[in-house]
> 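Have a look at the structure that comes next, please.
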Amino acid sequence: MRTQRSLKYPPRGASMAKKKVRVKLINIRHSFNETPDLRDLVSACLRMPPQDIISIQIIKRAVDARQERLDLVYTIAVELYASQKVLNEILKRTDVSHYDTIPTHRPHKLKKNQTCSPVIIGCGPSGLFAALTLVERGARPIIFERGARMVKRIRDVNEFWTHGVLNIESNVLFGEGGAGTFSDGKLTTRIKSPFRQKVLHELVKFGAPEEILFVNKPHLGTDRIRQIICAMVDSLGKRGAQFFFETKVHRILFENGQVNSVQTNRDIIKTDTVFLGCGHSARDMFESLRQDGIVLEKKGFAVGLRIEHPQEFINRAQWGKWCGTPGLGPADYFLTYTDRESGRGVYTFCMCPGGYIISCSTYQGELATNGMSYYRRDSPWANAAVVVTIAATDFKAPDPLAGLEFQKALEHKAFIMGGEQFKIPAQRARDFFKREKTKIDSATCSCLPGAMPADLNELLPEFLNGPLKQALEHFNRKIAGFIDEGTLFGVETRTSSPVRIKRHAHNFQAIGVKGLFPIGEGAGYAGGIMSCAVDGIRAALSFDQD
Ligand SMILES: Cc1cc2nc3c(=O)[nH]c(=O)nc-3n(C[C@H](O)[C@H](O)[C@H](O)COP(=O)(O)OP(=O)(O)OC[C@H]3O[C@@H](n4cnc5c(N)ncnc54)[C@H](O)[C@@H]3O)c2cc1C
């Protein structure tokens with residue numbers, strides 16, 4: 001399909017009485033199979049002569065398969081010449097509104113001369129975007145990443161998925177790019193921050209396809225993400241950031257309520273500022289913070305199983321009669337349910353169309369599942385987590401790390417049920433209800449490094465199995481065959497952080513200690529690639545603002 005993101009036209013014959021204005025137009029649509037000139041559509045829709053339309057810019061593009069016709073639907077920003085009278089007329093319409101461009105993000109330079117470089121722990125989205133912002137502000141941050149650089153990391157992960165040999169420091173969660181490197185690379189988020197655009201534009205600068213700026217559900221795939229991360233790290237390195245891979249921070253050292261230095265497996269480095277973007281799986285770091293008296297609190301999260309269906313089945317269910325239309329791509333879904341009896345929410349999470357179910361362990365003897373796909377999303381399988389909410393109050397113990405202990409216990413059980421080789425315990429969804437084991441092999445699932453037949457009823461506690469089964473039955477009413485066509489895998493525990501490092505809302509610094517900026521998913525204030533990246537930017541902007 002032809003991309004017409006931004007088209008500029010000279011203002012031919014624009015009359016003096018007219019002024020330049022910007023409006024936003026929603027619900028511009030055309031048939032999926034046609035490629036009309038969008039400017040003509042806009043001009044017809046506004047009933048304005050084409051020469052008064054200066055430029056158009058697609059803000060959003062989505063597929064609408066719910067109507068009689070399969071459509072592409074656009075939200076478009078239009079710059080045009082219009083008299084006040086005409087503008088007043090068009091603004092009366094419900095599909096037209098004023099549109100102000102988001103001001104270009106220009107980070108302010110640092111106020112003080114830095115005596116020592118700020119340190120960033122973790123090279124995931126939060127750490128990388130904090131690094132970018134600090135570099136833009138004139139700092140030379142030092143980034144410590146416990147995991148390996150991309151090439152070695154990919155080798156380590158392949159070794160894990162092929163032979164079940166886990167490297168506890170270089171794996172699906174630890175290494176250059178952080179947890180999102182082996183992911184679907186979905187860039188969707190519920191946060192409304194203006195920095196989302198900044199993140200998208202930076203990703204495009206480092207090699208992401210331009211479509212992520214406007215498609216409804218942008219995604220990159222693990223293949224694209226890997227390239228983008230490497231380009232970003234190389235570029236930041238050239239601009240003054242210093243990266244140290246395979247360098248684990250064991251401890252952050254404090255003196256008189258102020259960050260003093262960090263102790264790595266190689267050295268002690270003096271610094272008064274640490275951005276802690278360690279992700280939700282750095283359990284040793286949480287333990288170290290607890291010992292140092294940093295204020296942590298339990299946080300709600302969700303656990304459950306991952307379900308896989310043939311992608312063809314999901315396509316038929318979601319695209320209906322449009323299934324098979326060239327260029328439509330694999331369908332996705334998002335389903336929710338509230339279990340009245342327990343009050344727990346159940347929802348599908350991290351859906352990966354045309355993807356793979358992966359084992360993503362970080363500790364020996366523990367197994368957790370997740371989903372990944374390539375940019376083309378061309379595997380014959382569709383998977384999504386089906387997870388049940390767990391509230392902080394579910395853990396009666398006052399220990400802020402109680403949720404981590406719960407995760408660990410479940411992951412250990414999954415490891416045992418998987419035959420102690422990181423194979424993923426699996427069961428046909430209908431057999432989950434019957435409590436019967438199912439024969440599963442690599443031809444009947446996508447999962448890496450393979451599946452092990454198990455009764456998943458034994459994996460999760462009953463207070464989670466109940467709502468999960470209710471939800472599956474509900475989802476089966478939404479998508480007929482959801483149970484019969486599905487296979488379940490477990491255990492899905494790393495949905496978000498079960499712990500929060502408490503920080504001040506106004507300056508992003510940890511409560512009770514100066515110079516420590518907990519950021520991203522591990523801090524417990526963000527989740528997902530986009531929101532973690534934005535969190536890193538915002539924290540880095542608040543640095544040096546006291
Ligand atoms: C398989 C998978 C698929 C996913 N798919 C998506 C998706 O499609 N879309 C989406 O939005 N989100 C997805 N996520 C979630 C997303 O990846 C995370 O929310 C995001 O990466 C969190 O960013 P972060 O910077 O906070 O932490 P992370 O990305 O977890 O990065 C933390 C980094 O810190 C390093 N580190 C930890 N401790 C130390 C230490 N002591 N010293 C030095 N370094 C340390 C780690 O090695 C790691 O590289 C997925 C996650 C996984 C695991």
> Which atom pairs, one a donor and one an acceptor, fall under 3.5 Å between side chains of residues 516-532 and the rest of the protein, sequence neighbours left out?
| residue | atom | partner | partner atom | Å |
| --- | --- | --- | --- | --- |
| Y525 | OH | R503 | N | 3.0 |
| S531 | OG | G527 | N | 2.9 |
| S531 | OG | G527 | O | 2.7 |

> Compute both the distance and the angle, then confirm whether R306 meets the cation-pi test with F489: under 6.0 Å from the six-membered ring centre, within 45 degrees of the axis.
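Checked: cation-pi criterion not met.
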> When rounded to the nearest 0.5 angstrom, what distance separates CZ in F301 from OG1 in T493?
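If I round to the nearest 0.5 Å, the distance is 8.0 Å.
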> Do the side chains of D223 and R376 get close enough for a salt bridge, i.e. N-O under 4.0 angstrom?
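Salt bridge: no.
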> Just wondering, do F463 and S342 contact through their side chains at under 4.5 Å, heavy atoms?
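No. Closest side-chain heavy atoms not under 4.5 Å.
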> Looking just at side-chain N and O atoms, do R251 and S288 make a donor-acceptor pair shorter than 3.5 Å?
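There is no such pair between these side chains.
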> So, for L464 and P467, which heavy atoms are closest and what is the spacing to 0.1 Å?
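Distance-wise, the nearest heavy atoms are O-CD, 3.4 Å.
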> Between R149 and D156, is there a salt bridge with N-O shorter than 4.0 Å?
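No salt bridge links D156 with R149.
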> Can you list every pair that meets salt bridge (Lys or Arg N to Asp or Glu O under 4.0 Å) and has a residue in residues 349-371, with sequence neighbours left out?
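Non-adjacent pairs meeting salt bridge (Lys or Arg N to Asp or Glu O under 4.0 Å): R283-E366.
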> When rounded to the nearest 0.5 angstrom, what is the spacing between CG in D535 and CD1 in I191?
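Going from the CG atom of D535 to the CD1 atom of I191 covers 8.0 Å.
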> Answer whether the closest heavy-atom distance between the side chains of I358 and V172 falls below 4.5 Å.
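Yes, close enough: below the 4.5 Å cut-off.
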> Is any side-chain heavy atom of C350 closer than 4.5 Å to a side-chain heavy atom of N370?
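Touching, per the 4.5 Å side-chain cut-off.
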> Any heavy-atom pair between the side chains of E202 and L132 that's under 4.5 Å?
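The answer is yes; the side chains approach within 4.5 Å.
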> Using 30° and 60° as the class boundaries, would you call the ring planes of F482 and F475 parallel, tilted or perpendicular?
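Ring orientation, 0 to 90° scale: perpendicular.
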> Within a radius of less than 6.0 Å around CZ of R538, do more than 12 heavy atoms belonging to other residues, nucleotides or ligands occur?
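No, because the 6.0 Å sphere around CZ of R538 holds 12 heavy atoms or fewer from other groups.
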> Could you check whether K248 makes a cation-pi contact with F144, meaning its NZ or CZ is under 6.0 Å from the centre of the six-membered ring and within 45° of the ring axis?
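The answer is no, since K248 fails at least one limit relative to F144.
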> Give a yes or no on whether a salt bridge exists between E411 and K408, defined as a side-chain N under 4.0 angstrom from a carboxylate O.
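No salt bridge links E411 with K408.
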> Checking side-chain polar atoms at under 3.5 Å, does T369 have a donor or acceptor matched by the opposite partner on E492?
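On atom types as modelled, these side chains qualify, holding a pair under 3.5 Å.
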> State whether a side-chain donor-acceptor pair under 3.5 Å links E159 with N167.
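Looking only at side-chain atoms, N167 and E159 do not form any donor-acceptor pair under 3.5 Å.
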> Within the 3.5 Å criterion, strictly below it, is a donor on T393 or K298 matched to an acceptor on the partner's side chain?
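There is no such pair (donor and acceptor under 3.5 Å, judged by atom type) between the side chains of T393 and K298.
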> What distance separates T348 OG1 from M351 CE, expressed to the nearest 0.5 Å?
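So the gap between those two atoms works out to 8.0 Å.
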> Partners of R477 by side chain to side chain contact (heavy atoms under 4.5 Å, CB included), sequence neighbours excluded?
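R477: side chain to side chain contact (heavy atoms under 4.5 Å, CB included) contacts with E473, H474.
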> Under the criterion side-chain hydrogen bond (donor to acceptor under 3.5 Å, both in side chains), which of Q311, Q318, K217 is the partner of D332?
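When side-chain hydrogen bond (donor to acceptor under 3.5 Å, both in side chains) is applied between D332 and each of Q311, Q318, K217, only K217 qualifies.
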> Look at the rings of F243 and F245 and say which category their plane angle falls in: under 30° parallel, 30 to 60° tilted, over 60° perpendicular.
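Judged by the thresholds at 30° and 60°, the geometry between F243 and F245 is parallel.
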> Quick one, T389 with R344, criterion side-chain hydrogen bond (donor to acceptor under 3.5 Å, both in side chains). Give me CA distance, side-chain angles, the key distance, then yes/no.
CA-CA 6 Å; T389 52; R344 290 184 195 279; 5.2 Å; no
> What distance do T362 atom OG1 and L173 atom CG have between them, rounded to the nearest 0.5 Å?
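Rounded to the nearest 0.5 Å, the OG1-CG separation comes to 5.5 Å.
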> Should the pair E436-R428 be classified as a salt bridge under the 4.0 Å nitrogen-to-oxygen rule?
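So E436 does not pair with R428 through a salt bridge.
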> For E308 and S446, what are the C-alpha separation, side-chain angles and deciding distance, and is it a side-chain hydrogen bond (donor to acceptor under 3.5 Å, both in side chains)?
CA-CA 8 Å; E308 183 167 75; S446 73; 2.5 Å; yes
> Where do F406 and F395 land on the ring-ring contact (aromatic ring centres under 6.0 Å, His included) test, with the steps shown first?
CA-CA 9 Å; F406 180 68; F395 302 104; 5.5 Å; yes
> Evaluate E287 against L401 for side-chain contact (heavy atoms from CB on, under 4.5 Å), listing each step before the verdict.
CA-CA 8 Å; E287 188 55 53; L401 303 189; 3.5 Å; yes
> Does the side chain of F206 come within less than 4.5 Å of C230's, by heavy atoms?
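No, every pair of side-chain atoms sits at 4.5 Å or beyond.
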> Any side-chain donor-acceptor pair under 3.5 Å between T264 and D267?
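Note: T264 and D267 side chains miss the donor-acceptor criterion.
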> Is it true that, when you exclude K469 itself, more than 12 heavy atoms of the residues, nucleotides or ligands shown sit nearer than 6.0 Å to its NZ?
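Yes - once you tally the heavy atoms of other residues, nucleotides and ligands closer than 6.0 Å, there are more than 12.
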> Kindly compute the distance separating CZ (R146) from CD (E169), expressed to the nearest 0.5 Å.
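That separation rounds to 4.0 Å.
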> Let me confirm one number: the OG-NZ distance from S497 to K299, rounded to the nearest 0.5 Å.
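Rounded to the nearest 0.5 Å, the OG-NZ separation comes to 5.5 Å.
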> With distance as the sole test, does Q364 use its side chain to make a donor-acceptor pair with the main-chain N or O of L166 at under 3.5 Å?
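Flag set: sc Q364 to bb L166 pair under 3.5 Å.
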> Do L448 and I357 touch side chain to side chain, with heavy atoms closer than 4.5 Å?
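No. Closest side-chain heavy atoms not under 4.5 Å.
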> In terms of heavy-atom contacts, does NZ of K413 have more than 12 from other residues, nucleotides or ligands at under 6.0 Å?
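Atom NZ in K413 is packed in, count exceeds 12.
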> Is there side-chain contact between T271 and I142, with heavy atoms separated by less than 4.5 Å?
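T271 vs I142: side chains apart.
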> Would you please say whether a donor-acceptor pair under 3.5 Å links the side chains of S281 and R494?
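Side-chain D/A pair, S281 to R494: present.
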> Might you work through the side-chain contact (heavy atoms from CB on, under 4.5 Å) test for L128 and L236, ending with a clear yes or no?
CA-CA 9 Å; L128 276 172; L236 287 173; 4.1 Å; yes
> Quick one: are T222 and Y375 in side-chain contact, heavy atoms under 4.5 Å?
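Result no, sub-4.5 Å side-chain heavy-atom pair not found.
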> Do R153 and S170 have side-chain atoms, one donor and one acceptor, less than 3.5 Å apart?
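No, no side-chain donor-acceptor pair sits under 3.5 Å.
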> Charged N to carboxylate O below 4.0 Å: is that the case for D431 and K434?
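So D431 pairs with K434 through a salt bridge.
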> Charged N to carboxylate O under 4.0 angstrom, R290 versus D399?
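The answer is yes: the pair qualifies as a salt bridge.
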